[in-house]
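Keep in mind it's a predicted model, so treat the numbers as computed, not measured. Order of the sequence lines fixes the chain letters, A, B, ..., with proteins taken first and strands second; residue numbering starts at 1 for each chain.
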Amino acid sequence: MTEQQNVATSETVYPHKTVEQKWQRAWEEQKSSATPEKPGAEKFYVLEMFPYPSGRLHMGHCRVYSIGDALARFLRMKGKSVLHPMGFDAFGLPAENAAIKHQIHPADWTEKCVSDMKDQFHMMGFSLDWDREVVTCRPDYYRWNQWLFLKLFEKGLAYKKAAAINWCDTCQTVLANEQVEQGACWRCGNPVTVKNLEQWFFKITEYADELLADLDTLEDWPDSVKTMQRNWIGRSEGALVDFKLLPADTTLKAGDKCGLGAAEISALPDIEIFTTRPDTLFGVTYMVFAPEHPRVAELTAGTAHEAAVRDFAAKAVIEDRFTRAAADKEKEGLFTGRYAVNQLNGDVVPIYIANFVLMEYGTGAIMAVPAHDQRDFEFAKKFGVPIKQVIQPTDLNSEFRVPNLDLWKSAYIEPGVLVHSAPFDGVNSLDAKKQIVAHLEAQKFGRKTIQYKLRDWLISRQRFWGTPIPVLYCPTCGVVPVPENQLPVTLPTDAKFTGSGNPLAASESFVNAPCPKCGGKARRETDTMDTFVDSSWYFLRYCDPKNSTAPFSRAAATEWMSVDQYIGGIEHAILHLLYSRFFTKALRDLGLCDCKEPFQRLLAQGMVTNTYVDKQTGELAVDETGRLKYAKMSKSLGNGVDPLDIIDKYGADTARLFILFAAPAEKELEWKEDGVIGCYKFLNRVWRMTLQNLDACASAPAVATAVSAESTEAQELNYAINWGIQRVGVEIGERHHFNTAIAASMELLNALQTYTNKTGAAGDRALLGFGIRALLLALYPFAPHVTSELWERAGFGGDIGQQAFPEANPAALILQQVEIALQVNGKLRSKIVVAADADEATVRAAALADEKVQSHLQGREPKKVVVVKGKLVNVVG
RNA sequence: GCCGAAGUGGCGGAAUGGCAGACGCAGAGGACUCAAAAUCCUCCAUGGGCAACCAUGUGUGGGUUCGACUCCCACCUUCGGCACCA
């Protein structure tokens with residue numbers, strides 16, 4: 001039996017299980033994923049968002065880590081010093097819920113999950129440096145959370161305050177603004193309510209401007225993520241303006257001029273408002289306070305309106321913030337009986353309270369210009385408040401040129417020219433903004449300012465399984481931070497998980513502690529930190545994971561940061577990515593590192609979706625046209641595919657290849673078993689191609705060499721090989737398009753197969769071997785196990801992962817002859833083959849002489865001939 | 001409502017302003033086989049034509065250009081985010 005027949009009968013399908021186990025073991029023994037000691041100039045930090053250790057790897061995980069691993073393996077071949085670490089975002093509610101359910105300590109439950117997940121990572125063949133593993137729930141990590149908290153506290157960037165905050169009743173804890181999605185808890189979807197509590201905050205607002213400005217430096221971030229962050233930060237330029245409060249017993253009424261002198265007006269109490277439209281100040285016809293504004297009670301004290309206003313305010317405040325703030329919510333309001341004076345023109349305007357004015361933005365009070373603001377307009381219509389136009393559109397046909405404002409159907413919010421605003425009449429409204437602000441400042445009526453929607457980050461959580469906030473409360477000394485040398489404050493092992501209340505608060509051994517200052521009896525803070533604190537700096541810890549004297553050394557951070565390529569889900573567009581950017585900047589200001597943005601380049605990978613069964617019909621869900629619908633793989637839809645099943649059936653290489661091939665990384669990936677099988681078949685073809693041509697492999701040169709000029713087949717193959725090599729390198733390395741890189745590898749295999757079909761054993765064996773060699777190298781980043789095995793069997797020598805990624809031979813890419821497309825008036829009509837170095841005149845003449853070109857010209861003289869060298873000729877006639 | 005992304009064969013998807021549909025899936029035909037599976041080969045946008053070939057074609061309508069999937073304007077649809085932020 002010949003070698004070929006042997007292969008054909010016994011190993012036409014590659015034994016993925018034995019091959020994968022063999023190489024996974026080998027890589028572990030060789031520590032092939034270890035990070036180089038000194039990164040050098042060519043460092044590259046590849047990082048995927050670390051997972052929550054649920055205990056089971058899902059397809060979403062497989063996708064992120066397959067992307068990152070392909071990149072890491074490719075870059076190692078390219079000679080970079082690659083840092084590709086992994087860890088676990090291990091604090092969080094599921095462990096605590098498991099503790100309640102199964103009466104197992106969250107630490108034990110979490111560690112078991114971590115260990116299970118590591119096994120699964122291993123089975124996927126990811127090349128991770130586990131020596132740098134970071135597990136956030138271990139004291140050797142969270143002690144540095146506490147240490148960093150203390151540093152932020154010293155700097156005034158961590159502080160405690162009473163505030164109206166978001167409360168999730170299901171999770172029994174407060175939530176940061178970023179963690180509330182359309183009024184519901186980001187984790188469990190329960191509607192969030194508002195509570196007034198004393199809580200710890202990080203002063204992220206201190207960095208609002210920098211967080212916004214530096215987005216412009218992140219060129220390789222998706223626009224969508226940058227836009228989301230911009231909107232979330234919500235910077236708006238405007239002015240703070242002081243209106244003056246008239247006494248309760250004034251006889252003046254709305255629409256009057258106050259008739260008071262400047263000194264008299266100046267002596268009245270201020271009402272400060274924020275506006276982005278100072279150009280409309282002369283059009284103010286009323287003012288509105290948020291119902292819960294602290295001055296509302298004072299305004300109406302002892303007046304006839306007192307009771308009604310109090311009732312209104314009470315109702316508005318009880319109503320939860322998110323239904324109240326919905327845009328389609330009916331505008332409700334109430335006149336307070338009081339009036340204010342617009343210092344700019346002496347107008348007397350009524351003061352209302354209304355549900356649509358929010359206490360937490362600006363000053364909690366607004367000036368209302370119904371002619372030029374849609375909300376103010378609707379409110380004015382409903383309550384019969386006058387409307388005064390002060391901006392005139394410049395377009396003479398505009399419907400807002402109608403002098404009778406009763407005919408207006410909406411407010412005119414566009415720019416225009418000022419009217420009824422002496423001395424600013426006739427000024428363009430954009431210029432008027434500046435001029436009026438300058439006027440306000442000169443008269444001391446107000447000042448320019450910048451407002452943000454971004455709020456400080458609420459980090460307290462009333463949960464057990466998180467980092468204890470390192471603070472004590474002493475009856476004599478007050479709030480006392482835990483001294484550095486007493487860190488970590490560890491979670492107790494004796495906590496009881498009953499399902500009600502915070503187990504930490506119930507743990508006597510934890511709560512009672514001596515005051516570090518006076519030694520008296522003190523109580524520990526029982527709130528823990530938001531788990532997003534853990535993930536806000538873990539990428540820095542990877543640089544120096546075993547440091548026991550600091551969270552990381554400045555030198556190590558400087559060596560590796562910033563992350564050159566970060567990969568993760570779009571769901572963290574704001575949350576994790578904004579917090580991490582804030583932390584990086586704050587740590588820089590603490591002198592701990594010197595990088596200002598953590599993630600140079602960001603890839604937001606798409607969801608993995610699958611068909612699902614419609615619960616109503618019991619059939620696969622389809623759209624109106626009968627096409628199958630896809631939805632994110634999830635427990636609730638029951639449409640998840642277990643990666644372990646795929647590994648078992650087709651192998652990890654197939655799974656990885658399919659995941660990367662089926663869709664561009666940033667797009668949705670529709671799971672199709674047929675597609676998986678397609679990739680499996682492709683790997684089998686590679687397997688057979690190699691094993692059936694071992695003789696060719698044995699004679700293969702390592703670098704491209706000259707090819708016999710006699711054989712056009714050989715020349716074509718040589719071109720295809722070098723073209724494939726070049727494309728794969730560019731697609732992975734420069735464009736990060738894994739799907740097209742794999743397509744290029746498939747083309748390469750097709751070219752090899754075409755060649756062997758044509759020439760059989762008579763062909764240029766060395767060239768074929770060279771092509772197989774290149775194919776294995778090109779596929780290694782995606783399918784490392786099978787290519788390692790084939791590399792070894794082909795006897796190419798050494799370990800494939802340690803080879804240099806192949807470089808195309810430029811000489812091989814220079815063609816003798818090229819095909820030129822011939823167009824007549826932009827339409828393809830013919831093709832000709834010319835010498836690659838033919839000059840323009842020759843190509844032009846050949847094109848014009850072409851029969852089809854002639855017939856389509858129908859005897860007309862060409863008016864113009866465009867020649868694109870090596871590509872096409874367009875004859876215009 | 002505002003912001004962002006995207007609309008290409010039966011399907012997933014390719015195309016630095018230069019031959020639309022690479023690559024794969026599905027499908028059709030053939031080879032091998034007693035047969036099937038696997039494998040290998042060929043075909044595969046639509047309409048017309050025996051064919052050569054012709055016409056049409058990248059959401060819709062305009063525009064720029066010798067030339068537009070690609071750039072510009074308007075619109076439609078889908079997905080995602082924000083949502084009374086003064």
Assign Gly678(A) to base, sugar-phosphate, or nothing according to its heavy-atom contacts below 4.0 angstrom with the strands shown.
sugar-phosphate
Report which part of the nucleic acid Asn825(A) touches: base, sugar-phosphate, or nothing (heavy-atom distance under 4.0 Å, all strands).
nothing
Distance below 4.0 Å between Arg688(A) side-chain N/O and rC40(B) OP1 or OP2:
yes
Strand partner of rC69(B), provided both Watson-Crick or wobble distances fall under 3.5 Å:
none
Would you say Leu822(A) and His856(A) make side-chain contact, with heavy atoms under 4.5 Å?
no
Met746(A) vs Glu181(A), nearer the 5' end of RNA chain B by closest nucleotide:
Met746(A)
May I ask you to say what Arg829(A) touches in the nucleic acid, namely base, sugar-phosphate or nothing, with a heavy-atom cut-off under 4.0 Å?
sugar-phosphate
Any base atoms under 4.0 Å from Glu819(A), or only sugar-phosphate, or nothing? Heavy atoms, all strands.
base
Describe the nucleic acid contact of Gln823(A) in one word from base, sugar-phosphate, nothing, applying a heavy-atom distance below 4.0 Å.
base
Identified pairing partner of rA14(B), criterion: Watson-Crick or G-U wobble below 3.5 Å:
none
When both hydrogen-bonding distances must be under 3.5 Å and the geometry is Watson-Crick or G-U wobble, what is rA35(B) paired with, if anything?
none
Is any side-chain heavy atom of Trp687(A) less than 4.5 Å from a side-chain heavy atom of His16(A)?
no
Want to settle it: does Lys831(A) or Asn231(A) sit nearer the 5' end of RNA chain B, counting the closest nucleotide to each?
Asn231(A)
For rU60(B), give the paired nucleotide (Watson-Crick: N1-N3 plus N6-O4 or O6-N4; G-U: N1-O2 and O6-N3; both under 3.5 Å), or none.
rA74(B)
What is the base-pairing partner of rG4(B), counting Watson-Crick and G-U wobble geometry with both distances under 3.5 Å?
rC79(B)
Give one of base, sugar-phosphate or nothing for Asn874(A), where a contact means two heavy atoms less than 4.0 Å apart.
base
Can you find a side chain N or O atom of Asn750(A) that sits less than 4.0 Å from OP1 or OP2 on rG24(B)?
yes
Between Tyr286(A) and Asp376(A), is any pair of side-chain heavy atoms under 4.5 Å apart?
yes
Using the glycosidic torsion, which applies to rG9(B): syn (within 90° of 0) or anti (everything else)?
syn
Which part of the nucleic acid does Ser745(A) contact within heavy-atom distance under 4.0 Å: base, sugar-phosphate only, or nothing?
nothing
Contact class for Arg685(A) (heavy atom, under 4.0 Å): base, sugar-phosphate, or nothing?
sugar-phosphate
Base paired to rG47(B) (Watson-Crick or G-U; both N/O distances under 3.5 angstrom)
rC54(B)
With a 3.5 angstrom cut-off on both distances, give the Watson-Crick or G-U wobble partner of rA22(B), or none if there isn't one.
none
Check whether any side-chain nitrogen or oxygen of Lys852(A) sits under 4.0 Å from OP1 or OP2 of rC53(B), and answer yes or no.
yes
Looking at Asp279(A), Thr275(A), Thr280(A), which one forms a side chain to side chain donor-acceptor pair (under 3.5 Å) with Arg277(A)?
Asp279(A)
